[in-house]
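Worksheet: the structure to be examined is printed underneath.
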Amino acid sequence: RDEAALLAALARRPMAGFDLKPLYRVLAAAGQSQASTRDAREEKGGRPGPPEPLPVPAGDVKLAAYLLDPVRNRYHLVDLARQFLGVEVEEGPADRPADPACRTPALLGRDAALCARLRPAIEAEIAARGLERVYREIELPLVPVLAAMEVAGIAVDREQLERLGRQFAARSEELAQRIYELAGETFNINSTQQLGQVLFERLKLPVVKKTKTGYSTDAEVLEALAAEHPIAELVLEYRSLAKLRGTYVEGLAEHIGPDGRIHTTFQQTVAATGRLSSTQPNLQNIPIRDEPGRSLRRAFVAAPGHRLVAADYSQIELRVLAHYSGDRALHEAFAHGQDVHARTASEIFGVPLEQVTPEQRRVAKAVNFGLAYGQTDFGLARALRIGRAEAKRFMERYFERYPGVKRYMEETIRRARQTGEVTTLFGRRRPIPEIRHRVPHIRQNAERVAINTPIQGSAADIMKLAMIRVHGALLREGLSARIVLQVHDELIVEAPEDEVPRVAALLRREMEGAYRLDVPLVVEVKAGVNWYEMEEMNG
DNA sequence: GGATCAGCGA
DNA sequence: ACGTCGCTGATCCC
């Protein structure tokens with residue numbers, strides 16, 4: 001009653017504050033329940049009008065502080081007060097939202113006052129550092145979008161999840177028994193310590209790699225040991241099933257709400273590059289590469305009468321690289337809609353595009369990927385399991401054929417060394433003080449960060465803009481479809497069946513048009529009743 | 001509670 | 001030293 005009126009009043013007026021997304025989440029949830037009662041009332045009276053969109057926040061000092069220094073591990077009001085106002089205070093409700101004890105009128109008022117004093121100070125710094133656009137045009141407008149996504153959540157088929165859990169458990173049990181037989185004793189396979197004793201002391205297998213504290217038993221090691229002893233392969237499969245059961249089946253089930261949906265939290269001030277992250281649970285790392293992990297995606301479903309529509313940017317990071325570097329060959333590949341990995345294979349192996357073999361393409365793909373991360377010949381050699389000299393030849397060939405890319409990378413490092421930071425397309429900044437470090441491996445690590453951040457960060461800028469556009473367009477066009485997930489280069493929308501064609505077209509239009517690069521942005525759209533089986537909707 | 005190891009995604 | 005950015009679970013030790 002009073003609360004509903006208060007929320008309605010808040011929802012009408014742009015607000016400034018500290019970490020507004022949780023409040024927006026409350027407002028979005030209130031708006032949603034209001035809309036559903038209104039729809040029920042108007043059931044006989046024709047179509048309901050579009051819902052009132054929440055206003056873009058007028059300011060958020062936490063977001064501003066993140067843009068000023070995206071590498072910090074926290075953005076507490078007390079730290080900002082010290083840094084920008086020179087005042088020393090104890091933590092209040094803004095910094096301890098989970099602690100009801102500090103939610104006193106005095107401290108609530110104090111935090112509000114701190115916030116009000118901080119805003120002009122921090123926003124002046126935002127303007128001075130050229131961060132006005134990324135702040136006003138990206139991060140602030142994104143707040144209501146993320147809040148709406150979190151409130152929407154994604155529907156999960158608990159039965160399906162549990163069915164998979166039972167399958168994983170049965171196979172897991174089978175593997176454990178065979179592992180104990182081969183080991184000659186039972187032990188905790190999940191314990192790296194105990195597993196190390198079994199493999200390297202009891203079975204006397206060769207030690208290929210060590211960790212700080214003992215034997216390494218990671219997948220790379222076990223794959224090498226597979227040639228020596230049959231236990232290794234069994235442990236590998238056991239491990240992957242243990243991962244699926246613990247992290248995904250049980251971990252996800254705990255987060256299914258009374259509405260049958262999982263409502264993740266998108267973190268907007270965590271990733272140093274400007275990406276979002278997802279927690280409680282993380283829905284940005286649901287398995288896809290291999291079965292049976294991939295089958296978990298069958299448990300992510302559309303509500304009855306709905307479909308999931310997934311739209312992903314094709315090769316967005318390489319397109320950003322093409323844009324930044326101006327490299328002719330890379331431009332040409334994208335301008336002509338070529339398969340870039342095949343094109344790269346054709347360049348480095350010196351064969352016509354049509355004669356590229358799958359193996360050559362696989363190698364080229366690894367080179368293309370590694371590039372954006374500043375991978376070395378050593379790393380490429382390990383990834384492809386080839387010799388270092390051969391890897392070095394591939395990389396040299398690559399840079400011969402894409403000289404613009406080489407120039408761009410050298411220039412990026414040079415500028416980073418000069419300024420101590422790198423920036424993205426939208427002017428997002430990341431300081432990299434280590435780029436001048438005298439210890440080579442620290443400096444080289446900084447150089448990789450300098451190469452990767454503008455690429456990953458610009459792709460993040462583009463995706464965030466696209467999310468704002470898609471959310472706005474869905475509301476404007478009076479569609480009921482809603483964005484439910486973002487996975488870095490992919491958006492998942494839940495749409496009523498009859499809206500699917502319009503939503504697919506809208507996603508393509510708004511995502512491809514989010515930003516104008518020197519090469520086209522291309523979006524691939526798929527739809528289905530769950531996140532596993534999706535049919536392409538291109539054309 | 002925190003460090004370490006491991007493994008999932010883009 | 002060797003690939004960027006994240007998050008979570010299990011174990012082990014404090």
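Below, read A as the first sequence line, B as the second, and so on, with proteins coming before strands; counting in each chain starts at 1. Treat the numbers as computed from the prediction; the structure is a model and nothing was measured.
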Tell me what I286(A) touches on the nucleic acid: a base, only sugar-phosphate, or nothing, going by heavy atoms under 4.0 Å.
sugar-phosphate
Base, sugar-phosphate or nothing for A459(A)? Non-hydrogen atoms, less than 4.0 Å.
nothing
Starting the side chain at C-beta, find the nucleotide from dA1(C), dG6(C), dC5(C) nearest to H441(A).
dA1(C)
Touch class at under 4.0 angstrom, heavy-atom based, for R448(A) against every strand present:
sugar-phosphate
Tell me whether the NZ or CZ atom of R298(A) lies within the 45° cone about the ring axis of Y532(A) and under 6.0 Å from its centre.
yes
Tell me whether E291(A) at atom CD has more than 12 heavy atoms from other residues, nucleotides or ligands lying less than 6.0 Å away.
yes
Short side-chain N/O contact from T217(A) to OP1 or OP2 of dA6(B), under 4.0 Å
yes
With rounding to whole Å, what would you report as the distance between dG7(B) and dA1(C) at their C1' atoms?
22 Å
R430(A) near the nucleic acid: base, sugar-phosphate alone, or nothing, with a heavy-atom cut-off under 4.0 Å?
sugar-phosphate
Using a 4.0 Å heavy-atom cut-off across all strands, classify Q284(A) as base, sugar-phosphate, or nothing.
sugar-phosphate
Nucleotide nearest V487(A) (side chain, heavy atoms from C-beta), chosen from dA10(B), dC7(C), dT4(B):
dA10(B)
Within the structure, does a side-chain N or O atom of S278(A) lie under 4.0 Å from either OP1 or OP2 of dG6(C)?
no
Let's see if you can work this out: which of dA10(B), dC2(C), dT8(C) has an atom nearest to the side-chain heavy atoms of R289(A)?
dA10(B)
Just to confirm, is there a sub-4.0 Å distance from OP1 or OP2 of dT11(C) to any side-chain nitrogen or oxygen of N188(A)?
yes
Picking from dC13(C), dA6(B), dG9(B), which would you name as closest to the side chain of K243(A)?
dA6(B)
Toward the 5' end of DNA chain C, which comes first, G251(A) or Y373(A), by nearest nucleotide?
Y373(A)
Quickly work out the N445(A) CG to dC2(C) P distance and round it to whole Å.
8 Å
When rounded to whole Å, the CG to P distance for the pair D218(A) and dC8(B) reads 11 Å
So what does Q280(A) hit on the nucleic acid, given a heavy-atom distance under 4.0 Å: a base, only sugar-phosphate, or nothing?
sugar-phosphate
Are Y402(A) and Y398(A) an aromatic pair by the rule of ring centers under 6.0 Å?
yes
So is K406(A) actually on top of F399(A)'s ring, under 6.0 Å and inside 45° of the axis?
yes
Within this structure, what is the CZ-to-P distance between R319(A) and dA10(B), rounded to whole angstrom?
17 Å
Whole angstrom value for the distance that separates P of dA10(B) from CG of N368(A)
17 Å
For the side chain of T247(A), starting at C-beta, report the closest nucleotide among dA6(B), dG9(C), dG9(B).
dG9(C)
Looking at every strand, decide which applies to A460(A) at a 4.0 Å heavy-atom threshold: base, sugar-phosphate, or nothing.
nothing
Does a side-chain N or O from S191(A) land closer than 4.0 Å to OP1 or OP2 of dC12(C), or not?
yes
Is there a side-chain polar atom (N or O) of N190(A) under 4.0 Å from OP1 or OP2 of dT11(C)?
yes
By the 4.0 Å heavy-atom rule, please label T453(A) as base, sugar-phosphate, or nothing.
nothing
For the side chain of I288(A), counting heavy atoms from C-beta on, which of dC7(C), dA6(B), dG9(B) is nearest?
dG9(B)
Base, sugar-phosphate alone, or nothing: which one does E250(A) contact when heavy atoms must sit under 4.0 Å apart?
nothing
Identify the residue among E139(A), Q268(A), Q486(A) that makes a side-chain hydrogen bond (donor to acceptor under 3.5 Å, both in side chains) with K464(A).
E139(A)
Is the F426(A)-Y135(A) ring centre distance short of 6.0 angstrom?
no
Q193(A) has a side chain; which of dT11(C), dC12(C), dC7(C) sits nearest to it?
dC12(C)
Which is true for R239(A) with a 4.0 Å heavy-atom rule: it touches a base, it touches only sugar-phosphate, or it touches nothing?
sugar-phosphate
Nearest 0.5 Å please: distance from the CG atom of D157(A) over to the CZ atom of R163(A).
6.5 Å
Could you tell me how far dA3(B) sits from dG3(C) if I compare only their P atoms? Round to whole Å.
26 Å
Return the value, rounded to whole Å, for the distance between atom CG of L318(A) and atom C1' of dA10(B).
13 Å
Do any side-chain nitrogens or oxygens of T211(A) fall under 4.0 Å of OP1 or OP2 in dC5(B)?
yes
Give a yes or no on this: more than 12 heavy atoms of other residues, nucleotides or ligands lie within 6.0 Å of atom CD of E512(A).
yes
Report the distance from atom CZ of R297(A) to atom P of dA10(B), rounded to the nearest whole Å.
6 Å
Just call it for I442(A): base, sugar-phosphate, or nothing, with non-hydrogen atoms closer than 4.0 Å on any strand.
nothing
Rounded to whole Å, please give me the gap between CG in L485(A) and P in dA10(B).
13 Å
So if I take every side-chain heavy atom of T213(A) and compare against dT4(B), dC13(C), dC7(C), which nucleotide ends up nearest?
dT4(B)
Closest to the A271(A) side chain: dC12(C), dC7(C), dG6(C)?
dG6(C)
Which nucleotide wins on minimum distance to the side chain of N285(A), given the candidates dT8(C), dG9(B), dA1(C)?
dG9(B)
Figure out the CZ/P separation between F187(A) and dC12(C), and round it to whole Å.
12 Å
